[in-house]
Amino acid sequence: MSEWQGWIGREEERRDRIDASALARWLATLDRGAPSDGAVPQGFHWCLGLPDAPTAQLGNDGHPRRDESEDSFMPPAPLPRRMWASSEVEFLRPLRVGEAIARRSRIAAIAEKQGGSGKLLFVTIEHRTHAGDTLALRETQSIVFREAAPPDAPLSPPPPGATGFDPAAWDAHRPTTPNEPLLFRYSALTFNSHRIHYDLPYARDAERYRGLVVHGPLTATLLLDLAQRQFGDNALTRFAFRGLSPAICGEPLHLVLRGGGDAIELAAFAGDGRQIMSGTAAT
């Protein structure tokens, strides 16, 4: 049994209000327009109820430091590298500008595992987002903490291979190349100061990534944007994704989708066909 089992059941609540200016900046970041009915697009919820730790309380990686205090929501396991591994989201009804939001979060499970890179700690968090008195969204999120990378560890992911991605098997395909301004803007929208997204020497030398890392929820948001282009605004009732490999800033990213109804498959691939993310959805 993990020594962090005492953290299971720990809860926190964050309140927010959907601001028209914040939504306008999110839309500008994605180069898209607002839904015609005035609703908030799916994916914007990751910009609500943001962390607000003072700068002096950030750790070396840019995330808020974790400790044994009651104010520390996440367990202070001595594993310095953090990543958003997966999420399962249920969209119960669209959010709207001006609504007051309350997100109640609870640690549902903690599991220690041994992986190829060493010890892993998986923390499962259940989020419930209310708009006014109505439950608008449910999400189960998995965060994984990993050991520090050895200073001589190979850079991840491997250099691009010679093969290319073939979108022939997919119904919809959108190629894009995430760049530094996009990563900067998304970090600002989500108040995310994790240095792997903007500090190249840190990303390369401390965490041993080959370049700046595209945020997992940003890739997921781009997949939701592809679904919007295919099915319309706020069409999904559920969306699940899992990160499989880092997407690197400045390199091609292929967003693809196929199927419909309750059997939609989504994915993101690097230019050489390495899979970045897998996903499923239903309308």
Side-chain angles (χ1 to χ4, degrees), residues 1-18 42-93 95 99-115 117-148 190-194 215-217 220-221 237-243 277 279-280:
M1 179 178 293
S2 169
E3 62 182 294
W4 309 109
Q5 294 302 303
W7 252 257
I8 295 176
R10 186 165 291 211
E11 298 181 342
E12 72 170 8
E13 179 174 291
R14 294 191 175 275
R15 293 184 175 271
D16 208 335
R17 186 173 294 275
I18 301 178
Q42 292 174 336
F44 182 74
H45 72 281
W46 287 317
C47 300
L48 298 171
L50 302 178
D52 53 7
T55 302
Q57 294 180 12
L58 299 180
N60 185 56
D61 65 349
H63 280 298
R65 281 196 295 267
R66 295 167 283 129
D67 56 34
E68 297 279 355
S69 72
E70 292 184 359
D71 295 331
S72 181
F73 179 63
M74 300 292 277
L79 300 171
R81 291 193 293 165
R82 168 177 172 159
M83 59 182 291
W84 189 324
S86 65
S87 273
E88 297 180 5
V89 186
E90 292 180 82
F91 298 106
L92 303 177
R93 70 122 164 125
L95 303 173
E99 287 188 312
I101 299 299
R103 190 188 67 213
R104 297 166 188 142
S105 304
R106 175 183 177 273
I107 294 181
I110 296 178
E112 290 184 280
K113 298 182 181 180
Q114 189 73 26
S117 60
K119 292 181 180 179
L120 303 170
L121 186 75
F122 287 86
V123 181
T124 302
I125 308 169
E126 295 175 344
H127 301 290
R128 301 288 185 270
T129 300
H130 287 75
D133 296 328
T134 305
L135 180 61
L137 187 145
R138 283 192 291 256
E139 179 173 5
T140 301
Q141 176 189 16
S142 178
I143 300 291
V144 60
F145 294 94
R146 301 185 294 162
E147 292 183 359
T190 55
F191 207 53
N192 182 349
S193 49
H194 194 182
H215 315 64
T221 296
T237 59
R238 63 172 177 82
F239 171 58
F241 71 87
R242 181 174 299 278
M277 182 171 285
T280 60

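Under 4.0 Å is where a charged nitrogen must lie from a carboxylate oxygen, and between Lys119 and Glu147 no such pair does.
Between Pro76 and Trp7, some side-chain heavy-atom pair lies under the 4.5 Å cut-off. The shortest side-chain heavy-atom distance between Trp4 and Val123 does not fall under the 4.5 Å cut-off. Contact check for Arg238 versus Thr280: side-chain heavy atoms found under the 4.5 Å cut-off. Counting heavy atoms from C-beta on, the side chains of Ile143 and Phe122 never come closer than 4.5 Å.
Looking at every heavy atom in both residues, Ile125 comes nearest to His127 through CG2-CE1, 3.4 Å. Closest approach of Arg106 to Gly9, counting heavy atoms only: NE-CA, 4.0 Å. The nearest pair of heavy atoms linking Thr190 to Pro51 is O-CD, 4.2 Å. Closest approach of Gly216 to Met277, counting heavy atoms only: O-CE, 3.4 Å. Closest approach of Leu95 and Leu48 over heavy atoms only: CD1-CD1, 4.0 Å.
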Using the rule given for side-chain contact (heavy atoms from CB on, under 4.5 Å), can you reason through Phe145 versus Leu120, listing the C-alpha separation, both sets of side-chain angles and the distance that settles it, and then say yes or no? CA-CA 6 Å; Phe145 294 94; Leu120 303 170; over 6 Å; no

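None of Arg104, Arg103, His45, Glu139 except one satisfies the side chain to side chain contact (heavy atoms under 4.5 Å, CB included) rule with Thr129; the exception is Arg103.
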Side-chain polar contacts of residues 56-66 - donor-acceptor pairs under 3.5 angstrom, sequence neighbours left out - could you list them?
unit_1, atom_1, unit_2, atom_2, d
Asn60, OD1, Arg195, NH1, 3.2
Asp61, OD1, His63, N, 2.9
His63, NE2, His194, ND1, 3.3
Arg65, NH1, Leu58, O, 2.9
Arg65, NH2, Ala56, O, 2.9
Arg66, NH1, Pro75, O, 2.8
Arg66, NH1, Ala77, O, 3.2
Arg66, NH2, Leu79, O, 3.2

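Applying the salt bridge (Lys or Arg N to Asp or Glu O under 4.0 Å) test to Asp52 and every residue at least two apart in sequence or in another chain returns Arg14.
Atom CD of Glu112 sits about 5.5 Å away from atom CG of Leu121, to the nearest 0.5 Å. With values rounded to the nearest 0.5 angstrom, Ser105 atom OG is found 8.0 Å from Gln141 atom CD. Thr124 contributes atom OG1, which lies 9.5 Å from atom CD1 of Ile107 (distance to the nearest 0.5 angstrom).
Every pair passing salt bridge (Lys or Arg N to Asp or Glu O under 4.0 Å) that includes a residue from residues 78-93 is listed here, sequence neighbours excluded: Glu90-Arg138, Arg93-Glu99.
Ring geometry for Trp46 versus Trp84: interplanar angle over 60°, hence perpendicular rather than tilted (30 to 60°).
Atom CZ of Arg10 is surrounded by more than 12 heavy atoms from other residues, nucleotides or ligands within 6.0 Å.
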